[in-house]
A.B. asks: 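My structure is below; once you've seen it, I'll send some questions.
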Amino acid sequence: MEELAEISYLRRRIQELEEKVEQLRLSRRVLMNLIEKIEREKNGFLSRLERENRKLHQDNYRYARRLLRKNRQIVELESKLEAVLPVNKGN
């Protein structure tokens, strides 16, 4: 009689443990899905930052070239102005 009670107890215990294992599997799946979602969001954010960084570098390059052209024009205009107007070096 005692053996039957023990067997019954062990079967209930096995059932409980199997349910816990199934819950753990479900929790693991949920966590893995969350990790994958976070990873996708992180990669998307990183891609946007890289695109923005490339755009800023290109804009900076164009701005630097425009400044260089303008500086060259200023130097040319100053040179022409010096050629046209006599410079009074005494003053």
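Because the structure is predicted, anything quoted here is derived from the model rather than measured.
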A.B. asks: Compare all side-chain heavy atoms of Arg51 with those of Arg48 and state whether any distance is below 4.5 angstrom.
C.D. replies: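 SC-SC contact between Arg51 and Arg48 confirmed.
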
A.B. asks: Using the side-chain contact (heavy atoms from CB on, under 4.5 Å) definition, which of the options Arg66, Arg72, Lys70 pairs with Leu68?
C.D. replies: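 It is Arg72; the other options fail the test.
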
A.B. asks: So Tyr9 and Arg12, do their side chains get closer than 4.5 Å, heavy atoms only?
C.D. replies: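 Yes, their side chains come closer than 4.5 Å.
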
A.B. asks: Going by an N to O cut-off under 4.0 Å, is there a salt bridge joining Lys55 and Glu52?
C.D. replies: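 Here Lys55 does not pair with Glu52 in a salt bridge, since their nearest N and O are not under 4.0 Å apart.
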
A.B. asks: Begin with the C-alpha distance, continue with both residues' side-chain angles, and end with the deciding distance and a verdict on side chain to side chain contact (heavy atoms under 4.5 Å, CB included) for Arg69 and Gln73.
C.D. replies: CA-CA 6 Å; Arg69 272 195 311 270; Gln73 285 178 336; 5.6 Å; no

A.B. asks: A quick test of your reading: do over 12 heavy atoms of other residues, nucleotides or ligands sit less than 6.0 Å from CD of Glu3?
C.D. replies: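 Result for CD/Glu3: open.
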
A.B. asks: Report yes or no: does Ser47 contribute a side-chain atom to a donor-acceptor pair with the main-chain N or O of Asn43 at less than 3.5 Å?
C.D. replies: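 Yes.
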
A.B. asks: How long is the gap from CG on Leu24 to CG on Leu31, to the nearest 0.5 Å?
C.D. replies: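 If we round to the nearest 0.5 Å, Leu24:CG and Leu31:CG are 10.5 Å apart.
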
A.B. asks: Quick one: are Lys42 and Leu46 in side-chain contact, heavy atoms under 4.5 Å?
C.D. replies: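 Side chain of Lys42 against side chain of Leu46, heavy atoms only: no contact under 4.5 Å found.
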
A.B. asks: How long is the gap from CZ on Arg40 to CD1 on Ile35, to the nearest 0.5 Å?
C.D. replies: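 It comes to 12.0 Å.
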
A.B. asks: Side-chain contact test, heavy atoms from C-beta onward, threshold under 4.5 Å: evaluate it for Leu34 versus Val30 and give yes or no.
C.D. replies: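 In contact.
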
A.B. asks: Can you tell me how far apart NE2 (His57) and CG (Asn60) are? Round to the nearest 0.5 Å.
C.D. replies: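 So the gap between those two atoms works out to 7.5 Å.
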
A.B. asks: Evaluate the side chain to side chain contact (heavy atoms under 4.5 Å, CB included) criterion for residues Lys37 and Asn33: first the C-alpha distance (whole Å), next the side-chain angles of each, then the deciding distance (0.1 Å), finally the verdict.
C.D. replies: CA-CA 6 Å; Lys37 180 183 175 196; Asn33 288 340; over 6 Å; no

A.B. asks: Any sub-3.5 Å donor-acceptor pair from Ser27's side-chain atoms to Gln23's backbone N or O?
C.D. replies: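 Indeed, once roles are kept as given, a pair shorter than 3.5 Å links the two residues.
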
A.B. asks: Please examine the side chains of Gln15 and Arg11, heavy atoms only from C-beta on, and report whether any two atoms are closer than 4.5 Å.
C.D. replies: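 No, every pair of side-chain atoms sits at 4.5 Å or beyond.
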
A.B. asks: More than 12 heavy atoms of other residues, nucleotides or ligands under 6.0 Å from CD of Glu6: yes or no?
C.D. replies: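 Not buried by this count: 12 neighbours or fewer within 6.0 Å.
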
A.B. asks: Within the 3.5 Å criterion, strictly below it, is a donor on Tyr61 or Arg65 matched to an acceptor on the partner's side chain?
C.D. replies: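 Yes, side-chain donor-acceptor contact under 3.5 Å.
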
